[in-house]
Amino acid sequence: MIQEISWNEIELIWREHLWPYRTTPIEPTSAMMWQAGYNIDNMEFEPTFFGYFYRKKLIGVNSGHLCMLDRDDTKGKHYRSRGLWVDPKHRGKGIGQKLLTAAVEQGKDLGCNMVWSYPRKTSWSTYKAVGFKLDTKWIKTENGSNAYCSLNTESW
């Protein structure tokens with residue numbers, strides 16, 4: 001079952017399980033823009049943190065927030081899905097897909113025409129199953145290999 005969770009709940013999972021060796025700060029939002037560098041104004045958008053609970057235990061997380069379309073944008077009509085993680089004992093059961101779908105629905109409800117993410121290569125099959133398309137090549141990062149992917153909410 002998916003519920004909104006707090007920053008403290010998701011930050012603990014991200015720090016211990018998703019990004020344990022990360023050298024850059026872990027923040028509730030990200031300044032990343034869709035294939036266009038960074039905009040610190042993205043840090044001002046209110047994030048939503050999603051948690052998947054099984055028998056009252058948090059076994060999966062994801063988040064999302066609005067993002068600027070470009071440096072001159074003031075509304076943020078892209079939505080970024082960020083920080084997808086599912087406990088290894090519960091993978092392969094569609095939990096990641098449900099968490100991604102929650103983010104896509106949130107973006108669509110906010111009037112966004114696109115939801116994007118920067119997933120690891122190891123989780124690409126989950127994104128693909130929800131309908132995301134790969135938009136760039138895989139790039140080696142501090143967390144593995146990542147690439148930009150997107151989903152057009154108008155055709156979803």
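In this chain, residues are counted from 1 in sequence order.
- Between the side chains of S145 and R120, no donor-acceptor pair of N or O atoms lies under 3.5 Å.
- R91 contributes a side-chain N or O that, together with a main-chain N or O of V86, makes up a donor-acceptor pair within less than 3.5 Å.
- With contacts defined as side-chain heavy-atom distances shorter than 4.5 Å, the pair F49/P47 qualifies.
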Point to revise | Derivation of the side chain to side chain contact (heavy atoms under 4.5 Å, CB included) call for W124 and F132 | key: CA-CA 9 Å; W124 170 240; F132 281 80; 4.2 Å; yes
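- Atom CZ of residue R15 and atom CD1 of residue I10 lie 12.5 Å apart, to the nearest 0.5 angstrom.
- In plain terms, the two heavy atoms of A147 and L134 that are nearest each other are CB-CD1, 3.6 Å.
- At distances below 3.5 Å, not a single donor-acceptor pair connects side-chain atoms of N152 with backbone N or O atoms of M114.
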Practice item. Show your working on side chain to side chain contact (heavy atoms under 4.5 Å, CB included) between W34 and Y118 and close with a plain yes or no. Key: CA-CA 9 Å; W34 167 246; Y118 193 62; over 6 Å; no
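- Listed here is the closest heavy atom pair of G83 and W14: O-NE1, 3.0 Å.
- Looking at T48 and E4, their side chains never bring a donor and an acceptor atom within 3.5 Å of each other.
- Atom CE of M68 sits about 9.0 Å away from atom CE of M33, to the nearest 0.5 Å.
- One distance of note links OG1 of T141 with CZ of R22; it measures 9.5 Å at 0.5 Å rounding.
- Between R82 and S30, the shortest heavy-atom contact is NE-CB, 3.7 Å.
- One hydrophobic cluster, built from ILVMFWY side chains closer than 4.5 Å, cannot hold both V61 and V115; they sit in different ones.
- At a threshold of 4.5 Å between non-hydrogen side-chain atoms, the residues T153 and Y79 do not count as touching.
- Linking ILVMFWY side-chain heavy atoms closer than 4.5 Å, directly or via other members, places L18 and W138 in two distinct hydrophobic clusters.
- Side chain to side chain, Q35 and T136 fail the donor-acceptor criterion of an N or O pair below 3.5 Å.
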**Study point:** Evaluation steps, side chain to side chain contact (heavy atoms under 4.5 Å, CB included), between I13 and E9
**Key:** CA-CA 7 Å; I13 297 286; E9 290 172 294; over 6 Å; no
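- Atom CD1 of I139 is separated from atom NZ of K121 by 12.0 Å, given to the nearest 0.5 angstrom.
- Residues S150 and D135 approach most closely at OG-OD2, 2.7 Å, considering heavy atoms.
- Partners of Y54 under the ring pair (Phe, Tyr, Trp, His ring centres under 6.0 Å) rule, at least two apart in sequence or in another chain, are H90.
- Using modelled atom types, one finds a donor on one side chain and an acceptor on the other under 3.5 Å when comparing N62 with S81.
- Residues satisfying the side chain to side chain contact (heavy atoms under 4.5 Å, CB included) criterion with K98, sequence neighbours excluded, are I2, Y52.
- Between atom CG of residue L100 and atom SG of residue C149 there is a gap of 8.0 Å, rounded to the nearest 0.5 Å.
- Under the rule for a side chain to side chain donor-acceptor pair (under 3.5 Å), E46 has no partner lying at least two apart in sequence or in another chain.
- Clustering ILVMFWY residues whenever any of their side-chain heavy atoms sit less than 4.5 angstrom apart, transitively, puts I59 in the very cluster that holds F50.
- The SG atom of C112 sits 9.0 Å away from the CD atom of Q106 when rounded to the nearest 0.5 Å.
- Put simply, Y38 and Y148 are part of the same group of oily side chains (I, L, V, M, F, W, Y) that touch within less than 4.5 Å, one to the next.
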Review point. Going through the checks in order, is the side chain to side chain contact (heavy atoms under 4.5 Å, CB included) test met by L151 and K133?
Key: CA-CA 6 Å; L151 185 146; K133 66 179 178 79; over 6 Å; no
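- Taking every heavy atom of both residues into account, P119 and S117 meet most closely at CD-C, 3.4 Å.
- Contact between W7 and E27 at its shortest, heavy atoms only, is CH2-C, 3.4 Å.
- Linking ILVMFWY residues whenever their side-chain heavy atoms come closer than 4.5 Å, directly or via other members, places I5 and W85 in the same cluster.
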